[in-house]
Participant: 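Take a look at this one; I'll ask things after.
When a residue number appears, it is its place in the shown sequence, counting from 1. All figures in this text were calculated on a predicted structure; none of them were measured in a lab.
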Amino acid sequence: MFSKFNIQYLLSYLGLLPFFFISFNKYFFFIINDSISKQFIIFYCLIISVFIGAINWNFEKNIKIFLAIYSIIPSLFALLIIILSLYNVNIYYLIFFIISFLLAQLFFDYILIYFKAENANTFFYLRLPLTTIIIINILIIIF
């Protein structure tokens, strides 16, 4: 039973807990201020997108140059969002950019990384459901 257990899947799904807490807080707990919740979600989404990009790095073998460049794009995007946030760009624009980026990242990850049959399970059991749940929670928190 435990030989097929993958701790990475468990840790990935546990990463949803802050989204659920902030969502429940908005409607039931009322512990955290609404503007702080929105700012937290922005920065937490940036951490997740950078982490997803970093997953493509494997120092034990040489990866293709386009994959190395592709995997730093989330870091550059996060830097852009942080700068825009510091300049007080409307939070709804930032959320729109983040959701758009998460969807684009999901699409391009599938095309560039998971299209091969050997990697498809990771996409369909991890990337697709997690990104969908994250986007739904972002929308619940923001509106």
Participant: Please indicate whether Phe30 has more than 12 foreign heavy atoms, meaning atoms of other residues, nucleotides or ligands, lying under 6.0 Å from its CZ.
Facilitator: yes
Participant: With rounding to the nearest 0.5 angstrom, report the CD1 to OG distance, Ile140 to Ser23.
Facilitator: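 With rounding to 0.5 Å, CD1 (Ile140) is 5.0 Å from OG (Ser23).
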Participant: How far does CD1 of Ile95 sit from CG of Asn90, to the nearest 0.5 angstrom?
Facilitator: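 The CD1 atom of Ile95 sits 10.0 Å away from the CG atom of Asn90.
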Participant: Hey, which of Leu84, Ile82, Val89 is the one that makes side chain to side chain contact (heavy atoms under 4.5 Å, CB included) with Leu86?
Facilitator: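 When Leu84, Ile82, Val89 are each tested with Leu86, the side chain to side chain contact (heavy atoms under 4.5 Å, CB included) holds only for Ile82.
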Participant: Any chance you could measure Ile22, atom CD1, to Ile142, atom CD1, to the nearest 0.5 Å?
Facilitator: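 The CD1 atom of Ile22 sits 10.5 Å away from the CD1 atom of Ile142.
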Participant: What I'd like to find out is whether the side chain of Ile138 reaches to under 4.5 Å of the side chain of Phe19, using heavy atoms alone.
Facilitator: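 Touching, per the 4.5 Å side-chain cut-off.
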Participant: Return the minimal non-hydrogen interatomic distance between Pro74 and Ser71, and the atom names on each side.
Facilitator: CD-O, 3.5 Å
Participant: Would you compute the distance between atom OG of Ser100 and atom CD of Gln105 and round it to the nearest 0.5 angstrom?
Facilitator: 12.5 Å
Participant: Do Tyr13 and Pro129 come within less than 4.5 Å of each other through their side chains, counting heavy atoms only?
Facilitator: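 Yes, at least one pair of side-chain atoms sits under 4.5 Å.
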Participant: With a 4.5 Å heavy-atom cut-off, do Ile134 and Ile99 have their side chains touching?
Facilitator: no
Participant: Regarding Asn121 and Tyr114, do their side chains bring together a donor and an acceptor under 3.5 Å, going by distance alone?
Facilitator: no
Participant: Do Ile136 and Ile133 have side chains that get closer than 4.5 Å, going by heavy atoms?
Facilitator: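 In short, these two side chains do not touch, never coming nearer than 4.5 Å.
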Participant: Testing the basics here: between Arg127 and Leu106, what is the closest heavy-atom pair and its distance to 0.1 Å?
Facilitator: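 Taking every non-hydrogen atom into account, NH2-CA, 3.4 Å.
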Participant: Looking at every non-hydrogen atom in both residues, tell me the closest pair between Tyr27 and Phe143 and how far apart they are.
Facilitator: OH-O, 3.4 Å
Participant: Are Ile111 and Leu102 joined in one hydrophobic group, where the rule is that I, L, V, M, F, W and Y side chains link up if heavy atoms are under 4.5 Å apart?
Facilitator: yes
Participant: Please find the pair of heavy atoms, one from Ile36 and one from Ile32, that lie closest to each other, and give the distance.
Facilitator: CG2-CG2, 3.9 Å
Participant: Side chains of Ile81 and Phe101: does their closest heavy-atom pair fall under 4.5 Å?
Facilitator: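 No, their side chains stay 4.5 Å or more apart.
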Participant: Using 0.5 Å steps for rounding, measure from the OH atom of Tyr110 to the OG1 atom of Thr122.
Facilitator: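 Rounded to the nearest 0.5 Å, the OH-OG1 separation comes to 12.5 Å.
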Participant: To the nearest 0.5 Å, how far apart are OH in Tyr125 and CG in Leu130?
Facilitator: 14.0 Å
Participant: Under 6.0 Å from the OH atom of Tyr87, do we count more than 12 heavy atoms belonging to anything else shown?
Facilitator: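 12 or below, so no.
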Participant: Going by salt bridge (Lys or Arg N to Asp or Glu O under 4.0 Å), name the residues that satisfy it together with Lys26, two or more places apart in sequence or in a different chain.
Facilitator: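 In terms of salt bridge (Lys or Arg N to Asp or Glu O under 4.0 Å), with neighbours along the sequence ignored, Lys26 is linked to no residue.
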Participant: Examine Phe123 together with Phe115 and report whether their ring centres are nearer than 6.0 Å.
Facilitator: no
Participant: Take atom CD1 in Ile65; do more than 12 heavy atoms of anything else shown fall under 6.0 Å from it?
Facilitator: no
Participant: Which atom pairs, one a donor and one an acceptor, fall under 3.5 Å between side chains of residues 37-55 and the rest of the protein, sequence neighbours left out?
Facilitator:
{"unit_1": "Ser37", "atom_1": "OG", "unit_2": "Asn33", "atom_2": "O", "d": "3.2"}
{"unit_1": "Lys38", "atom_1": "NZ", "unit_2": "Asp34", "atom_2": "OD2", "d": "3.3"}
{"unit_1": "Lys38", "atom_1": "NZ", "unit_2": "Tyr92", "atom_2": "OH", "d": "3.1"}
{"unit_1": "Tyr44", "atom_1": "OH", "unit_2": "Gly15", "atom_2": "O", "d": "2.7"}
{"unit_1": "Ser49", "atom_1": "OG", "unit_2": "Leu46", "atom_2": "O", "d": "3.1"}

Participant: Are Ile83 and Ile73 connected into the same hydrophobic cluster when the rule is that any two of I, L, V, M, F, W, Y join if their side-chain heavy atoms are below 4.5 Å apart?
Facilitator: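 Not linked; separate clusters.
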